[in-house]
Structures are given as C-alpha cells and as structure tokens.
Amino acid sequence: MHDGIHVENAGIPSATICTDRFVPTAAGMAKMWGAPDYPTIFTAHPIENLSREQLRARAEELAPQVVQVLIGDV
Amino acid sequence: MQDLGETTTVQWDSALEAIERCYELGWTDGLPVVPPTVDLVNQFINAAKRASSEVVGQIPERRRDITVGKVAANAAMAGCLPEYMPVLLAAVEAMLDPVFNLVGPSSSMGGSAILSIVNGPVAKEIGLNSRNNLFGPGNRANATIGRAVRLVLMNACAAVPGLYDRSVIGHPGKYTYCIAEADTETHWTPLHVERGYSLDQSTVTVFAGESPRQIRAVGKPEAILYAIADVSSTLGTNMSTSGSVGDTDVGIRQGQIVVTIAGNSDLWKDWTKEQVRGYLHANIRRSVADLKNAQVLAGDVEPEDAEKFLPLVPEPEDILLVFAGGEESNMSSVIPSWGPKVACTAVTKQVR
C-alpha cells in the first residue's frame with residue numbers, strides 16, 4: 001500500500017493487490033497517506049499456499065482490474 | 001503542561017475509573033496501565049533531562065515522530081520509575097534507527113518482539129535483573145522497561161494488533177522483553193564492548209526476535225555448545241526458511257541469533273566469546289537434503305545433498321552472545337531473529 005501510493009504520487013501509474021484479510025490494514029494505510037479512495041484491488045485470502053498454476057490463474061482473473069486501475073478507469 | 005504534541009486529555013474521578021478509561025481509549029496492552037496524569041508524565045520528562053518535544057526517532061512509513069514526551073507517557077503507563085527513562089529512551093532510539101527497519105518487525109506476519117539487552121553500570125544502578133528468571137517475572141525494571149517498549153510500539157508507532165501489527169502467532173515477549181547481561185560476573189567481554197563501547201559506558205541493544213528456547217544441556221562447554229547448535233539449526237525458524245528477501249544466492253534467509261548462557265562463568269574459563277561464536281557459526285547449519293525434504297529449497301534430493309550444509313547465521317559476529325541467567329545452572333537459551341539481516345539488524349545505542 002505504502003509503495004503503491006507513493007509510486008502513484010510520483011506520477012507513475014500503480015495498482016496494489018491485497019488479500020481480503022488485509023482490508024483494515026490497507027484502508028488504514030490509504031487514509032494515513034491522504035489517499036482514502038486509493039483503488040486497492042482485493043483478492044481472496046490466502047495466496048501463500050497456491051501452486052504456480054493456481055497463482056497464474058488468480059493473476060489472470062485480476063488482470064482486467066489491474067488494467068482498469070492503471071488507466072484510471074475506476 | 002509541557003508540549004507533548006497531539007494528545008488526548010480526559011478527567012478522572014478515581015483511579016479505578018481512570019484505569020478503565022485507559023482501556024476504552026485503547027492505550028493498554030491488555031493489562032491495566034498506570035493512569036498517565038500530567039504530574040506523573042512530567043516527572044518522567046524531567047528525569048529524561050531532554051525537551052518533551054525532542055524527536056527520538058521516526059517511523060516514516062506510518063508518519064509518526066516519536067518524541068521524548070510520548071515515550072514518557074508510555075513509561076508512566078507501563079509502571080516504570082522515572083529513573084528508567086534514559087534506558088528506555090536508548091531502547092526507543094535504537095529501534096527507530098533506520099538500520100533496524102522497525103516497520104518490518106512491528107508489522108510482519110512473522111511476529112517478533114523487540115528484545116532489549118542492557119549493558120554497563122546503569123543496569124545495576126536501576127536494579128535490572130541479569131540472573132534468576134532472566135526473562136521474568138519478578139523484577140520491576142525489566143518488566144516495566146520491556147512493557148514500555150511495547151506500549152511505545154502500540155501507542156506511538158501505531159503497531160496495533162490486527163491493524164498494522166499482523167503477527168500470526170505473536171509471543172509472550174511482546175508484553176515485555178528486557179534483560180541485562182551479568183557483565184561484571186564473567187571474564188567474557190561484555191556485548192556492548194564487543195560492539196564498540198567502553199566498559200564504563202551503558203548501552204541498550206535491540207533485537208527483533210522470536211521467543212527464547214531454553215536449552216537443558218549442562219556440564220561441559222562442548223556438550224552445551226553441541227546442544228545450542230542443534231537447537232539453533234532447527235527447521236521452521238526465520239533463519240532456516242526460504243524467503244523473498246536476503247541474499248538470494250544462499251537460498252535460505254539466514255539471520256542473527258541471540259544466545260544466552262547462565263550459571264558460573266568459570267565453566268567457560270578456557271573459552272572466549274570469540275571461540276564460542278566460531279564454534280556456533282560453523283555448526284548452526286542444515287543439510288541441503290533436509291532443506292529440500294522440508295521444501296525450503298526446490299528440487300529432488302541428490303545423494304550428495306546429505307553432506308552439503310548451509311550456514312543459518314551469515315557471520316560469527318551475527319551471534320549475540322550474552323552471559324545471563326540464573327546462577328543455579330549453566331542452562332542456556334537461543335532466540336532466532338525475526339528476519340534476515342537485510343530486513344532488520346540488531347542496533348546498540350548509548351544510554352545518555
């Protein structure tokens with residue numbers, strides 16, 4: 001969250017993905033850095049046990065949202 | 001009242017009501033705190049002999065400046081005595097040193113506590129315990145200085161459990177975790193002297209660590225060191241896990257480790273700290289075969305992997321050896337670090 005917001009503030013489009021167990025932490029960081037509406041992308045927790053193939057499938061599922069956030073269409 | 005920066009002021013009618021209000025305000029670690037009245041907090045600021053608005057350090061990722069006043073308020077709540085302030089301030093200054101990277105150990109799922117190790121004359125002056133029940137309970141200075149470090153983390157550094165502190169397991173040291181080295185009761189060079197300070201200086205060394213693991217090996221130095229190396233080489237610590245940080249050439253995270261050795265120092269008369277560290281560095285290790293079986297390293301186990309070993313501690317000086325613990329026995333303990341050195345390194349600061 002910290003890095004995504006700072007990269008965005010530096011003029012470089014960014015997209016930040018968090019798992020849904022981190023919603024309050026992500027919201028807190030966004031508020032702390034003056035970006036309460038920062039468009040965080042959430043995905044189901046956990047991801048640490050996913051196989052390479054499952055992780056790839058998850059990435060493909062999220063890709064359209066990432067593109068939307070990067071082009072500012074949110 | 002002296003300038004504390006942003007504060008919350010409330011009125012209390014009784015001590016018990018005040019304690020309950022502190023819970024409601026989210027100022028506690030779960031145990032009751034001493035209500036931080038203006039007079040009490042001022043006593044701590046005066047004992048510090050520093051301006052309350054002086055910034056001790058920052059946690060930039062959370063936009064927090066930690067002032068002497070904030071430390072004083074938390075020291076009061078923790079039950080410290082005002083004369084503990086210089087030690088507490090050194091601990092806070094150390095954990096806010098950029099090298100310590102506090103945002104890591106105070107937020108990570110890996111869950112560490114900040115261990116404070118006090119050296120030098122100040123330990124005896126304020127009554128810190130370095131012997132029986134080293135990690136507690138029973139001694140006010142150890143208990144409350146360690147607790148104040150945690151309250152500073154929670155109240156001033158925003159390391160709030162479930163919010164920015166996402167530790168999965170946590171551990172009891174997160175309530176309090178402060179020890180002193182029995183540095184006048186051993187021929188061994190004290191930790192702070194090894195780290196560049198003089199005998200008459202006092203210091204605090206902070207270390208982001210797991211909980212201590214007691215080792216019941218006694219008798220001969222060789223037997224004790226063999227057991228310490230065995231316990232320190234276990235799978236499942238930060239040091240023996242794979243990870244996305246650290247020296248990626250090694251394949252495992254590695255990390256620093258605190259080793260405490262108790263009892264009578266005479267047992268170690270033929271050993272220097274340097275020799276102990278040398279032995280442990282060479283023997284805290286794990287075979288490539290084990291690391292592959294545990295899926296820490298990728299790939300199939302090859303016949304030669306049983307004889308190939310990876311060191312879990314990068315360098316001998318990454319073993320922080322402390323002579324401390326009860327005189328009853330030469331039992332020891334090990335505390336693996338929370339993260340690899342690149343993510344968090346032990347820091348020592350002088351008590352001023």
Side-chain angles (χ1 to χ4, degrees), chain A residues 1-63 65-67 69-70 72 74, chain B residues 5-6 26 58-66 70 96 98 100-112 153-170 235-238 240-246 252-253 294-300 339 342-344:
Chain A
M1 288 299 298
H2 174 274
D3 294 353
I5 292 167
H6 280 74
V7 168
E8 189 73 42
N9 286 345
I12 303 165
S14 76
T16 302
I17 303 169
C18 293
T19 68
D20 56 15
R21 290 289 186 278
F22 287 85
V23 169
T25 308
M29 283 300 280
K31 194 176 162 196
M32 185 185 286
W33 284 100
D37 300 322
Y38 185 78
T40 313
I41 299 165
F42 289 103
T43 186
H45 192 84
I47 57 170
E48 70 177 359
N49 301 325
L50 299 183
S51 67
R52 184 176 288 268
E53 294 72 29
Q54 289 169 321
L55 200 57
R56 183 173 184 86
R58 186 72 69 89
E60 284 175 1
E61 181 189 316
L62 295 171
Q65 288 181 68
V66 171
V67 172
V69 169
L70 289 177
V74 286
Chain B
E6 190 185 330
Q58 298 167 311
I59 179 157
E61 297 85 352
R62 300 196 189 118
R63 308 183 77 172
R64 298 286 185 113
D65 290 340
I66 314 306
K70 299 279 185 193
L96 293 172
F100 197 71
N101 187 33
L102 182 62
V103 73
S106 71
S107 65
S108 166
M109 292 189 293
S112 65
L153 281 162
M154 292 175 68
N155 293 329
C157 301
V160 179
L163 183 58
Y164 299 122
D165 176 352
R166 298 303 304 244
S167 171
V168 176
I169 305 291
L235 294 169
T237 63
N238 160 74
S240 60
T241 194
S242 56
S244 56
V245 288
I252 55 172
R253 287 192 181 189
Q295 299 185 27
V296 171
L297 298 178
D300 297 326
V342 69
C344 188

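Here the structure is a predicted model, which means the values were calculated and not measured. Each chain gets a letter, A, B and so on, in the order the sequences are listed, and its residues count up from 1.
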Closest non-hydrogen atom pair between G162(B) and P24(A), with its separation: O-CG, 4.5 Å
I47(A), CD1 atom: more than 12 neighbouring heavy atoms under 6.0 Å: no
side-chain contact (heavy atoms from CB on, under 4.5 Å) partners of A294(B), counting only residues at least two apart: L235(B), V296(B)
Please tabulate the donor-acceptor pairs under 3.5 angstrom that span chain B and chain A, backbone and side chains included.
from: E61(B); atom 1: O; to: W33(A); atom 2: NE1; distance (Å): 3.0
from: R63(B); atom 1: NH1; to: M32(A); atom 2: O; distance (Å): 2.8
from: L163(B); atom 1: O; to: T25(A); atom 2: OG1; distance (Å): 2.5
from: Y164(B); atom 1: OH; to: G28(A); atom 2: O; distance (Å): 3.0
from: Y164(B); atom 1: OH; to: M29(A); atom 2: N; distance (Å): 3.3
from: R166(B); atom 1: NH1; to: R21(A); atom 2: O; distance (Å): 3.0
from: R166(B); atom 1: NH1; to: T25(A); atom 2: OG1; distance (Å): 2.8
from: R166(B); atom 1: NH2; to: R21(A); atom 2: O; distance (Å): 2.7

